[in-house]
Every structure is written in structure tokens, then in C-alpha cells.
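Note that these values count all heavy atoms, side chains included, but never hydrogens, waters or copies made by symmetry.
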Amino acid sequence: EALELLYRALRLDPSLTAAWTNLGVALRRAGDATGAVMAYEMALRIDPSDAAARRDLALAGERQVP
């Protein structure tokens with residue numbers, strides 16, 4: 001349900017950095033690491049100073065390394 005709400009919010013306003021970051025978290029928890037990284041990167045394109053997106057992107061990268 002969280003994914004559905006986040007996608008809906010982003011359709012209404014794709015500039016919502018927090019929604020992109022939260023989408024990344026939700027996707028990561030759902031097992032979609034690639035989608036999570038893409039969401040974090042989108043958040044950082046909108047706001048390069050977003051500390052949460054930067055931190056979560058770094059964590060996602062660490063989890064993907066074998």
C-alpha cells in the first residue's frame with residue numbers, strides 16, 4: 001500500500017524529494033534494490049543536498065556488493 005501511495009504522490013508532484021527517498025526505502029524493503037537506487041538518485045537530482053537520500057543510496061550500494 002505504501003508503494004501505491006508514493007507513486008500516486010509522485011504522479012501529482014514529481015518534485016517531492018521526500019517521496020522519492022521514501023519510495024526508495026519502500027522498494028528496498030520490497031526487495032527491489034535496483035528500483036530503490038533509481039529512486040534515491042532521482043531524489044538527489046532534485047535536491048543534491050538531501051542527506052537522507054545520499055545516506056540511503058550509500059547503504060543500498062553497500063548491500064549490493066557481494
Enumerate, atom names and distances included, each donor-acceptor pair closer than 3.5 Å involving a side-chain atom of residues 9-18, sequence neighbours excluded.
{"unit_1": "D13", "atom_1": "OD1", "unit_2": "S15", "atom_2": "N", "d": "3.0"}
{"unit_1": "D13", "atom_1": "OD1", "unit_2": "S15", "atom_2": "OG", "d": "2.6"}

Hey, can you pull the donor-acceptor pairs under 3.5 Å for the side chains in residues 36-48, sequence neighbours left out?
{"unit_1": "Y40", "atom_1": "OH", "unit_2": "G24", "atom_2": "O", "d": "3.3"}
{"unit_1": "Y40", "atom_1": "OH", "unit_2": "V25", "atom_2": "N", "d": "3.2"}
{"unit_1": "D47", "atom_1": "OD1", "unit_2": "S49", "atom_2": "N", "d": "3.1"}
{"unit_1": "D47", "atom_1": "OD1", "unit_2": "S49", "atom_2": "OG", "d": "2.6"}

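Listed by chain and residue number, nothing satisfies the salt bridge (Lys or Arg N to Asp or Glu O under 4.0 Å) test with E1 (two or more places apart in sequence, or in another chain). Legend: residues meeting side chain to side chain contact (heavy atoms under 4.5 Å, CB included) with A52, ordered by chain and number and at least two apart, are T21, D50, R55.
With values rounded to the nearest 0.5 angstrom, R8 atom CZ is found 10.5 Å from L6 atom CG.
For the pair A30 and L3, the tightest heavy-atom approach, listed with the atom from each and the gap, is CB-CD1, 4.4 Å.
Under the 4.5 Å side-chain heavy-atom criterion for Ile, Leu, Val, Met, Phe, Trp and Tyr, Y7 and W20 are members of the same hydrophobic cluster.
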